[in-house]
There are 2 protein chains.
Amino acid sequence: MELNDYSKEDKVLLALDCIIFGFDNEGLKVLLIKRNFEPEKGRWSLIGGFLKKEEILDQAAIRILNRLTGLDDIFMEQLYTFSKVDRDPVERTLSVAYYALIDIAAHDKKLIQENSAKWFLLEDVPKLIFDHDKMLERAIARLRRRARTKPIGFELLPDTFTMPQLQKLYESILDKKLDKRNFISKVNGLDILVRLDEKDMTVSKKGAFLYRFDKEMYDQKVVDGFNFKI
Amino acid sequence: MELNDYSKEDKVLLALDCIIFGFDNEGLKVLLIKRNFEPEKGRWSLIGGFLKKEEILDQAAIRILNRLTGLDDIFMEQLYTFSKVDRDPVERTLSVAYYALIDIAAHDKKLIQENSAKWFLLEDVPKLIFDHDKMLERAIARLRRRARTKPIGFELLPDTFTMPQLQKLYESILDKKLDKRNFISKVNGLDILVRLDEKDMTVSKKGAFLYRFDKEMYDQKVVDGFNFKI
DNA sequence: TCAAAAGTGTTCACTATACACCCATGG
DNA sequence: CCATGGGTGTATAGTGAACACTTTTGA
């Protein structure tokens, strides 16, 4: 029979690791740091930290993300808890992985430098320490699934963006080419974007209209039974 | 700058709680235990336990499930890690929730009794201790999503089953009525079931053909790019 | 004037859904 | 012989995918 004598139970170290995704005109990227501390000094890893006694996991993840990006109010979701016994060579440590989506233009570049962090295109990610490769793999899989059914893509874009940008984003996430006309008519059919009068003239000569994701309109539609689907 | 002095970091108790789903002709059920130990003695809860130092989470979940059901080789998936600071009144404890799907007929009924456990229809589940309600809610949501895209429903059925049974199962999981003809033609279209010559005569006078889920055929189709979808 | 990116509709195949009657059998 | 649950097909609407030309304008 189970006892309630908690003192007999083993305690463990609990870490968090964050997979931080960003997007720019080169494609979908992930933020990694070059460790200047042991173990595995000099190698690339996800950013992480330990859970503090008085924190809940979400708070700890926010703290860790803020330390590297300077951002708060980041989209973030718990991913999975990794528990292989020897995943950390120093001491038994479990790690709760979180993934986050940020507007790559909005983060604090100085903080990134200070932490010897760097954005990597997904296809250029080096071998990571510990089980961080598995974490990244799982995060990519989750992002792909989520992006199809929740409007989380917008978290990766600035407040206003063009249709070609949005399409490239989804092409990066889903890792396949999409048809321009089908994509635009599908997105417009969702009726959750508002087109501004302004154009972005930096990419093409013709210029591309800017759009904004209308969260209120989206939330209202969800209440009415609408399901986002791309 | 982050340090590698692990000894400064806080350690925590790590529990596991299992949401065990089963299905019979009454519907989709969850297995709960009436606690005969403090805290919250006498109230209903999920079955749980603590992670041991030398275990990975999946092993611990298997151990806990086996203790109550007598089964091994159970379908099981990590769900989420719950971390509210005061979720356990005795001591700061995080809990990793797992959900499991079992054939309700195959489990060990004596073990269930010894542990004062009981199967509850989802709609009859009483208020649970701690944050177990949230765990169950999340497990149901996950089960609903997974059941649409992975053939996990069969984990809840005996080795052989009838079409009406299978349909009732999916109706319970998805919580909506399905059309008999559409359901059958969709399922048959997947081409992952084999119909036996045998009939189940226990429910109707006419009898209903028995089917078996052909895992090899399914796995081969997945390799060939097939996607399960119900 | 031309290169480079933006914008715009239609057709077709397929999938999802709605729907009603006959069959087999034990009691 | 009849009540009960098992089994079967078709028509329609909606969604997803393929596909090509015109517009704008800075260089």
Side-chain angles (χ1 to χ4, degrees), chain A residues 24-27 144-145 147-149 157 160-212 221 224-230, chain B residues 24-27 144 147-149 157 160-212 221 225-230:
Chain A
D24 63 18
N25 50 13
E26 294 182 281
R144 290 218 167 112
R145 267 183 288 125
R148 290 184 160 279
T149 52
L157 293 173
T160 63
F161 48 86
T162 66
M163 276 292 175
Q165 251 183 304
L166 186 63
Q167 184 180 344
K168 271 171 213 135
L169 169 63
Y170 274 93
E171 288 179 339
S172 304
I173 293 176
L174 306 176
D175 197 25
K176 67 174 174 191
K177 279 270 161 223
L178 300 173
D179 179 86
K180 187 165 49 162
R181 281 165 293 185
N182 291 341
F183 181 79
I184 291 176
S185 61
K186 191 184 277 188
V187 169
N188 279 331
L190 297 173
D191 195 31
I192 53 175
L193 297 189
V194 289
R195 191 176 92 169
L196 311 182
D197 289 329
E198 220 175 328
K199 278 190 165 187
D200 170 23
M201 303 302 295
T202 62
V203 178
S204 74
K205 294 156 191 184
K206 187 179 179 182
F209 279 106
L210 287 168
Y211 290 78
R212 185 193 308 279
K221 280 173 164 283
D224 298 345
F226 162 82
N227 269 307
F228 182 90
K229 193 76 198 295
I230 271 189
Chain B
D24 64 16
N25 51 11
E26 295 182 281
R144 291 215 168 114
R148 291 184 159 278
T149 52
L157 293 173
T160 63
F161 49 85
T162 66
M163 277 292 175
Q165 250 184 304
L166 185 64
Q167 184 180 343
K168 271 172 211 133
L169 170 62
Y170 274 94
E171 288 178 338
S172 304
I173 293 176
L174 305 176
D175 196 27
K176 66 173 177 193
K177 280 270 164 226
L178 300 173
D179 178 85
K180 185 165 51 160
R181 283 166 291 184
N182 292 340
F183 181 79
I184 291 177
S185 58
K186 192 184 278 190
V187 169
N188 279 332
L190 297 173
D191 195 31
I192 53 175
L193 296 188
V194 289
R195 192 175 91 168
L196 310 182
D197 289 330
E198 219 175 327
K199 278 190 166 188
D200 171 24
M201 303 302 294
T202 62
V203 179
S204 74
K205 296 157 187 181
K206 185 178 180 182
F209 279 108
L210 288 168
Y211 290 79
R212 186 193 308 279
K221 281 175 165 282
F226 163 83
N227 269 308
F228 182 90
K229 194 74 201 293
I230 270 189

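Here is how names work: the chains are called A, B, and so on, in the same order as the sequence lines, proteins then strands, and each is numbered from 1.
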Would you give a per-nucleotide map of nucleotides 19-27 of chain D, 5' to 3', where B means the base has a protein non-hydrogen atom under 4.0 Å away, S means only the sugar-phosphate does, and - means neither?
BB--BBBB-
How far apart are the C-alpha atoms of B/Asp191 and B/Lys221, what are their side-chain angles, what is the distance that settles it, and do they pass the side chain to side chain contact (heavy atoms under 4.5 Å, CB included) test?
CA-CA 9 Å; B/Asp191 195 31; B/Lys221 281 175 165 282; 3.8 Å; yes
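The distance from atom CG of B/Asp200 to atom C1' of C/dT25 is 14 Å, rounded to the nearest whole Å. We find that CZ of A/Arg148 is positioned 10 Å from P of D/dG16, with the value rounded to whole Å. To the nearest angstrom, C1' of D/dG5 lies 12 Å from CD of B/Gln167. As rounded to whole Å, 11 Å separates atom P of C/dA18 from atom CG of B/Leu178.
Nearest nucleotide to the B/Lys186 side chain, out of D/dG7, C/dG7, C/dT17: C/dT17.
Distance check, rounded to the nearest 0.5 Å: CD of B/Glu171 to CD1 of B/Ile173 gives 11.0 Å. Atom-to-atom distance recorded for B/Leu178:CG and B/Ile184:CD1 is 11.0 Å, nearest 0.5 angstrom.
Within the 4.5 Å cutoff, the side chain of A/Met163 has heavy atoms near those of the A/Tyr211 side chain. Counting only heavy atoms from C-beta outward, the side chains of A/Val187 and A/Leu166 approach each other to under 4.5 Å.
Remark on DNA chain D: of its neighbouring residues B/Val203 and A/Lys176, the 5'-side contact belongs to B/Val203, judged by nearest-heavy-atom nucleotide.
Looking only at distances, a side-chain donor or acceptor of B/Asp200 sits under 3.5 Å from a matching main-chain atom of B/Thr202.
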